[in-house]
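Pasting a structure here, questions to come.
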Amino acid sequence: MAVDVVSYIVSGLIIGSVYAALALGFNIVYRVSKSINFAHPALVLLAAVVAYLAVSSGAGLAAGVAAAVAVGAAASVAVERLIARPLQGRPPVSLIAATLGAYYVLKGVSMWLGGGSIPQGSLYASGWTLRLGPVVLGATDLLAASLALGTVAAVAALHRFTSIGVAMRAVAEDAYGAAAYGLPVRRLTALSWALAGVAGGLAAVAIAVKANLSPILEAYVIKALAASLLAGLDTVAGIVVGGLVLGVIEQLVMYVAPMVKIGPLDFAGFHEAAAYLVMLLVLLFKPYGLFGTERVERV
Amino acid sequence: MPAGVFKETYLELMGFLRYPIHRYSALLAAALLAALPMLADQFLVTKLAFYMVFLVAVIGLNITVGLAGQISLAHAALMGAGAYMAAWLTLHGVNILLALPVAALTAAAVGTLLSLPSFRLKGYYLAMASIAAQELLFYVYQRWVAPDQYMPVNPDAKMLLGLDLSRGPGLYYATLLVTVLAAWTAANIGRSGLGRAMKAVRDNDVSAEIVGINVTRVKALAFAVGSFYAGLAGGLLALHLSAIDYDNFTLEQSIDFLAMVLVGGAGRVVWGSMLGLAAIMAGQSMLEMMFQGNPVYRYLLLGAAIAFFVVKEPEGLIAVLRRVKEYLRLWPFSY
C-alpha cells in the first residue's frame, strides 16, 4: 500500500517536471507581454510533430530536438510579430481570440505535416529500466524529466546570470524604464517570445518522449496552465514547484479515485480532470499563485 | 413639412425601426421568413433552422462577452447543460416546449455558478477559469451524464397538437419563433438599464462601481443571461437532433463561439452575432464541402481568418457592413 503510494508519487514527480517545462512558455510570455499565449498548446504540438518526423526519418533524437527548438522559436516569434505586437494595448479578449486563431493555424499545420492527422508513435524507445527498491523508472521517464528540468534550469539561469537575460527581465518589469536606459525593447520582447518557443520545443520533445505523440498531446499543455497558475504566472524558477505539485496531485488522484464512489458516480479516471479542478480552485482562492506578485485590483 | 426624418425624443432615437427603410425591410424580412418553407427546398430550410439554434447561443455569448466584457470559453459546455436537461426531460415524458425553458434555466443556474471566478478575476485569468470549467463540465458529460456518448431524445415529446415539431415546417417555425423572441429580448437587454450597466462594467469596472452600479450583481446577471441563451440553444438542439452527442460541447466549439462573437462584432448583440455566425459557419460548411471533411484546412483557414479579423478589424464584420452601407448611401459620390 505505502509502496504503491511511493511509486505513484515518483511518477507524479516525473510528469510534474514535464508539466513545469510545458508551463514555462506561458510564464515567459506572461512576464514580458502580460498576456497568455493560448497558441502555446498547438505550438508544442507542432514542435513535437516536427521532432517525430525528424526522428522517424532516421536523423536521430538530437536532430529531432534541434528541429523542434527551431520550429518552436520560429512559430513563437511569428505569433508575437503578427498577433501580439499589433494587438498591444487592446483589451484581453482580442488577444485571447487572436491567439486562439493562431492555435487553430498551428494545429492545422501540425496535422498537415502529419498527412491529415496528428501522427501517433513514440519518439524514443528503450527497454532499459532503473530499479530503486519498489520504484521502477524507465529510460523514457529519466530522459523526459532531465530534459524538462534542464530546460527550466537553463531558462532560469539565462534570466538570472546573463546580461541579455537581465535585459529581458528589465523589459518584462518596466518596458518604458528599459527603453529609457536604451534597451531595444521590441527586439528583447521578440527574443523573450523566441525563448518561450525554444522552451516549448524542448518541452514538446520531453512530453513526446514521456507520453508518446498523439492528438491528445496538447491536452497536457492546457493542463500545464494549472502548474503556471499554481506557481504564479510571473515566476520562472517557481514553475518547478507548480509543476511537481500538479503532477503529484494528479497521480494521487489517480491512486485514490478508483476507491471513491458517491452514489452512482464512479470517480475512476477522474485524474484526467483533476488538473482543471486544481486550476479552478487556484483561480478562486489564490489567483496569483504561490510565487506570483499580487496585484491589488479589486472591484 | 420637414424634408427628411427628424427625431424629437430620445425614445424615437432608441427605436428599432427608426427610418422608413427599416420598416419596409422588416416587413419584407418577416414575409420572407414566414414564406420560406414554401419557397426554398427542404434541406435549405432545415439547415437554416439549425443555424438559428447556434445563433441563439452566439447571442447569449455576445451578451456575456460583448456587452458585459466577461470572457467565457465555457459556452459550449453551458449549451450542453441545456441540451442534456431537455433530452432527459423528454425521456421522462415532458413535452419539448416545456423542456425548453427548464433547460434554459438549468444552464442559467450553472452559468451563475461559473460567474463566481469573475467576482475576483478579469481578463486572462477569467478566460483560464472558464477553460477549466469547460473541461470539467465536459468530463462530467463524458463520464457521468452520457457515458455511451449519445443521449437519445424522445421523438414522442416533439409533438404539439398533432403537429410534428422535429421535422419540416414544424421544426422551422418552432425554431424561428424561439430565435426571434430570443433576439428581440437580447436587443432590448442592450438598451435597458441592465444593458447600460453591463456596458459600464465592460468599459471601466472601477468607475462603474463608483457611479453606484452593483458590479458583482451585473457580472452574475451577465453570466446568467448569457447561459440562459446557451441553455435555450441547447434545448433547441435537442429539438433538432434525435440524440445528443457530447462532441457538440467541446472546448473547440466554445472557441468557435467566441470567434463568432468577435468576428461578427462584440457588443452588437443581434446583428454582430448574425454576421459572425454566418461568416464562420458558412465558411466551415464551404471548407467541408471543398475538402471532403478534411479537418486540416478547417483549422488552417478558419484560424487564419479569426486572427486576421481580430487584428485588422477590431469591431468585426459589423464595421465592414457599416462601411458598405455608407458607401451605398453616398454612391455615386465618394463623400
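Chain letters run A, B, ... following the sequence lines, proteins first, then strands; residues in each count from 1.
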Chain B contact via L225(A) - which portion, at a heavy-atom distance below 4.5 Å: side chain
R120(B) side chain to L284(A) main-chain N or O, any donor-acceptor pair under 3.5 Å? yes
Polar side chain donor-acceptor pair, N37(A) to Y124(B), under 3.5 angstrom: no
Heavy-atom contact with chain B under 4.5 Å, split by part of F26(A): neither
For Y104(A), does the six-membered ring have the charged nitrogen or CZ of R298(B) within the cation-pi criterion, i.e. under 6.0 angstrom from the centroid and within 45° of the normal? yes
Begin with the C-alpha distance, continue with both residues' side-chain angles, and end with the deciding distance and a verdict on salt bridge (charged side-chain N to carboxylate O under 4.0 Å, His left out) for E272(A) and R143(B). CA-CA 11 Å; E272(A) 289 166 27; R143(B) 286 300 175 106; 3.1 Å; yes
For K34(A), is it the side chain, the backbone, both or neither that has a heavy atom under 4.5 Å from a heavy atom of chain B? backbone
Looking at every non-hydrogen atom in both residues, tell me the closest pair between A98(A) and A307(B) and how far apart they are. O-CB, 3.9 Å
Check: Y276(A) ring centre within less than 6.0 Å of Y139(B) ring centre: no
Test log, rule side chain to side chain contact (heavy atoms under 4.5 Å, CB included), inputs L100(A) and L73(B): CA-CA 11 Å; L100(A) 285 171; L73(B) 279 166; 3.9 Å; yes
Before you tell me yes or no, could you show the steps for V311(B) and L82(A) under side chain to side chain contact (heavy atoms under 4.5 Å, CB included), namely the whole-Å CA-CA distance, both residues' side-chain angles and the distance that decides it to 0.1 Å? CA-CA 8 Å; V311(B) 172; L82(A) 297 176; over 6 Å; no
Would the distance check show the side chain of Y299(B) and the main-chain N or O of W112(A) forming a donor-acceptor pair, the cut-off being under 3.5 Å? no
Under 4.5 Å to a heavy atom of chain B? For F38(A) that would be side chain
